[in-house]
Amino acid sequence: MSNGRAIRHLQLTELAEFEPDPMYTGVYVCFWHGSLPLGHLELLNCELPLTREQVRSLAAGAVSRGVRAYLPEIQPGASPLERLQRDANTPCPALASKTSLVICTRNRPASLERCLYSVATLAEPAGEVLVVDNTSGDSETRRIVRLFEGVRYVIEPRPGLSRARNTGTEHATHELLAFTDDDIVLTPHWLGYLVEPFRNPNIAATSGLVFPAELRTAAQIVFEKDFGGFHQGYAPRVYSADFLENSGRRAPPVWSICAGGNMAIRRSTFERFGKFDQRLGAGAAGCSEDSEFWYRILSGGGNCAYVPAAAVHHYHREDFESLRRQIHAYMRGHVAALFVQFANSREWNNLHRVFLELPLDAFQTLIRWLVTGDPSQRVLLNGAAGATAGAWYWVRRARQGPLV
């Protein structure tokens, strides 16, 4: 038996009795209405089995906030699910067909193949698909790309995810650009929902919901539950400059707006605000090239939309050694991005997070580890080392480097 969680996606109109999966110690259940994800819950095997009525009761509680996000006013007559079907935004095939989909990859051909299969099943397909190989050219990656008709293969030999995304932008031909990564699987209506907000000319960029694709290992559970994962909830929302201004002394959590593997951006947004900062991201500082770009958009007066219906599934790192390296890299990039944001904006709350918020978080993690002996807390302490490395990266390299 695995100590992980089985993942099940259920339609609210098709709920039934729920039995435990003997291969796991629990289950992570996601509830949908049609193509709209509305909520999730976790159950341990000791809480199972459940009758159909018990499942319905638990589902009602799990989706209540998501339903209210779409239907804030209670109205007599039609049921909430009927109103959702009628009133919620729908995917936009016309805009999807005017979108270039850019997939960045590096030495992960099996993951890329899995991603491309999901691209091939999109209900609202992109106008073009580009795979940017962030190596000097990998024969197996090229072979995988050739399996899928119409997918273009582009090489960016200089290491760095920001460079790869910028290269994809330069080779793309459409006004809208969607981005995903090779460790992601797309849901069928992902692209149609992701680009739908661009009907509004004031929307500069969009992002979507990221589910865990699997939680079968302890490392994957630690990333999702303790480190925070990528999941940003079920409520659609629009971010503006107010999001930065209302943060006060604390750094605005732009990292909560999106994950770089699930976003779309107007070409005119790049022309207005610049491209991804090549000092940041995997292969450079470590990550946060996406959140820093969002910060630039908002501070420049642009708006960003979060669209939970644009859902994807992300394959988290499976083992603790890979997770340790990932947490170190993420925090290294996060701190480097905070320095970049301060250098560009002179907003001191960015440094408040570097020198006060993050050290306090690290201290609290250390205390939890010492008191509880929980090994997951020890893994999370790699973030403190990564944050220190991010400050040193800024001192040595980033402050002197070019933006793009």
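Computed from a predicted model, the values in this text were never measured in an experiment.
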Heavy-atom nearest pair, A59 first then F31, reads CB-CE2, 3.6 Å

Closer than 4.0 angstrom, basic N to acidic O: yes or no for D181 and R165? yes

Subject >> is_close_aromatic(F211, H40), centroid dist under 6.0 Å >> reply: no

message: So does K275 get a backbone contact from the side chain of R296, meaning a donor-acceptor N/O pair under 3.5 Å?
response: yes

Review point. Below 4.0 angstrom, N of the basic side chain to O of the carboxylate: do R142 and D133 qualify?
Key: no

Scanning both residues in full, the closest heavy-atom pair of N262 with G208 reads ND2-C, 3.1 Å

Tell me whether D226 contacts the main-chain N or O of Q377 through its side chain, where contact means a donor paired with an acceptor under 3.5 Å. no

Examine distances only and state if a side-chain atom of R267 and a backbone atom of A172 form a donor-acceptor pair shorter than 3.5 Å. yes

| request: Please check if the side chain of N134 supplies one atom and the backbone of E156 the other of a donor-acceptor pair under 3.5 Å. | output: yes

Main-chain N/O of L43 paired to R5 side chain as donor or acceptor, under 3.5 Å:
no

### Task
Would you confirm whether E47, through its side chain, and L44, through its main-chain N or O, come within 3.5 Å as a donor-acceptor pair?
yes

Query raised in the report: Aromatic rings F223 and Y330: how do their planes relate, parallel, tilted or perpendicular, breaks at 30° and 60°?
Result: perpendicular

Practice prompt. Could you tell me whether a side-chain N or O of S100 sits under 3.5 Å from a main-chain N or O of H174, the two making a donor and an acceptor?
Written response: yes

| query | Is a side-chain N or O of T99 found less than 3.5 angstrom from the main chain of L177, in a donor-acceptor match? | reply | no

In this structure, are over 12 heavy atoms from other groups packed under 6.0 Å from R378 atom CZ? no

_Side-chain (D290) to main-chain (G260) donor-acceptor, under 3.5 angstrom_ = yes

Practice prompt. For residues Y239 and Y295, establish whether the separation of their ring centroids is below 6.0 Å.
Written response: no

query: Under 3.5 Å, is there a donor-acceptor pair between the side chain of Y393 and the main chain of R279?
result: yes

Can S247 and R250 be said to form a side chain to side chain donor-acceptor pair (under 3.5 Å), step by step? CA-CA 6 Å; S247 61; R250 300 182 69 86; over 6 Å; no

